[in-house]
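A note on names: the letters A, B, ... follow the listed sequences, proteins ahead of strands, and every chain is numbered from 1.
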Amino acid sequence: MNLDELAEVGRLQDASLDGYVDAARRRLDAPPPVRRRWRPLLAVAAIAGAAIAAFVLRSSGGAEPITFEVGARPGEPLEPIEAPHDAELAVRFSDHTTVMLAADTRGVVDEVTSRGARLRVHRGRASVSVPPRQNAEWTFSVGPFEVAVTGTRFDVGWDDAAKTFELVMHDGAVRVTGPTLDGGRVVVAGETLRIPLGAPPEPSVDAAVDAAPDAPPVVLAPPTPVPVHRVESADAAVPDARVATWQELAAGGDFKGALAQVHDHFDDVLASASAPELTTLGDAARYTGDLSRAQQAYLAVRRRFPADAATATFALARMAFQAPDDALAVRYLDLYLRENPDGAFAREALGRLLEVEIRTRDDAGARRTAARYLELYPAGPHAKLARSVMP
Amino acid sequence: MGDPAYEDDSVVIRPLAFRSDEELVQAIRDGDRAAKQRLFEKYAKHVARVLVRCLGARNEISDLIHEVFVIVYRDLARLREPNALKAWLASISVYVARGFLRHKRRRRWLTFFAPEELPEPPAPVSDDDARAAIRATYAILDTLPDDERIAFALRFIDQMELTEVAAACKTSLATIKRRLARAQRAFVEAAREDAQLERWLAESTRWGDR
């Protein structure tokens, strides 16, 4: 047997190299954080932004300090940050955390460590995406409130004029402390926490907004497009001084602890937890690498709460995308887009679908998706990539 | 009128000619964006080749090329011998390939509901026998320990010299020889069970039949 004949395998493989290089070149030309960056559909506002960052790159043994950029220039701690009156401003950290400040938002990165950062939003609104890391420590001070997070995505804002705090959770869970929040409150994916502290708010079509100034925090319905449903996790989120719930453990970043707590009755939790709780459980499992349980939790959302499954469906798509399992990613991305054409993740889903089609050399599909993307999101983060595949 | 190479950040109109890798590396260290692009154009195929040898033709190769160059741009300042750039790129490619294999093992759960997850040679290979032989070759390599698989692929599929394989794997020549010996034994044994490979590789008695 002549193993030198295997050189022929190499010669045959060489025919494919140019295609791979072309695809890699397109990726290098595309905006770098495209896969992890997230921008929500925020229409309202004027509020405050903030940011953070940091985490530990321990794969080679040592922690590296986090750096960040404000727009296109290097950022410095304690340097005031202000978004233009008519445009968003991105604060990007070296660990891929992204804080997108809405127009007119003011803030500052107070401190950057090797595990995270502390960012303050004085006024305005910020869309935050923190990649999950076990040892990450991020704190967002928003008005008089503080949001502790290890890995999640949310919109947060402080309306200085109305003295109102608002937090919209899209992914994961956080703990919020501040006025009226005796001991803090856990907010999980799918929930909105809104706390008016100033004068009674203007009348609003949303009954929950009519809470008195000193009223306890109000957990509203999940953000659009998920329809309003009962707030099943609000009670469970009230912190217990002695025994932390798995939701609280997850919110505090102790994902392993959260999973350990449900270990013996995981199936019961799958059968009884609310949609936001199941999504949080899936996130916790995903962050710890327990992908099988993450999958079970997300699928349970789809099975039990089909009307509220948008976030879970996108999480399944993202898992497949990152695995990577291109065929499965296409299935879930397509499913998400069909079920949630105007969903909070629709733009990102369409962008990722385009990436998959490019890397699998589905030229016809990529062109179709690119055309659709450019029609819907001509200035979106995948627009440049989309244009690159158009004839 | 300015230099057209720098008139548009997104396009390098005029290719830059660097006399040596050392000069190229220095230009990148000096912040020359065009030099970065030049590095990619010069060595992307080399990186792709190493990755494809180690892993077989699969959809993720372009992502891994991207990953290699992200590491290269990040760590270029630490490269002590710029004239050894090509070998350094090979060693980073091997590092990324090994990471991919480890990652893939951890993700096996996906086969639970996605049994179709298999390497997909995207390049058109017209010869059905050759296609089958490639598939069979990598099916066997999939059963080997990562370090042995990589050494074997670089030595026999890429035809690297032993010293090049050792450098790419960042280990000693003696260690590479041991890995190759183990890999050869395992590969030959498995190949004998596969009619396609058996036919393909049976023309010589150099390695096995004695």
Portion of B:Glu41 that has a non-hydrogen atom of chain A nearer than 4.5 angstrom:
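Contact with chain A: side chain only.
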
Just by modelled atom types, is the B:Arg58 backbone N or O under 3.5 Å from a matching donor or acceptor in the A:Tyr20 side chain?
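Yes.
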
Which heavy-atom pair separates [X] from [Y] by the least distance, and what is that distance?
X        : Y       : value
B:Ile157 : A:Val9  : CG2-CG1, 4.0 Å
A:Val21  : B:Ala48 : CG2-CB, 4.0 Å
B:Gly56  : A:Gln13 : CA-NE2, 3.9 Å

Worked check of side-chain contact (heavy atoms from CB on, under 4.5 Å) between B:Arg53 and A:Asp14
CA-CA 9 Å; B:Arg53 299 297 190 259; A:Asp14 283 349; 2.9 Å; yes

Neighbour count above 12 (heavy atom, 6.0 Å) for B:Glu81 CD:
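12 or below, so no.
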
Approximate separation, where rounding is to 0.5 Å, of A:Leu17 CG and B:Ile65 CD1
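Interatomic distance, A:Leu17 CG to B:Ile65 CD1, rounded to 0.5 Å: 8.0 Å.
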
CZ-CG distance between B:Phe152 and A:Leu6, expressed to the nearest 0.5 angstrom
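So the gap between those two atoms works out to 5.0 Å.
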
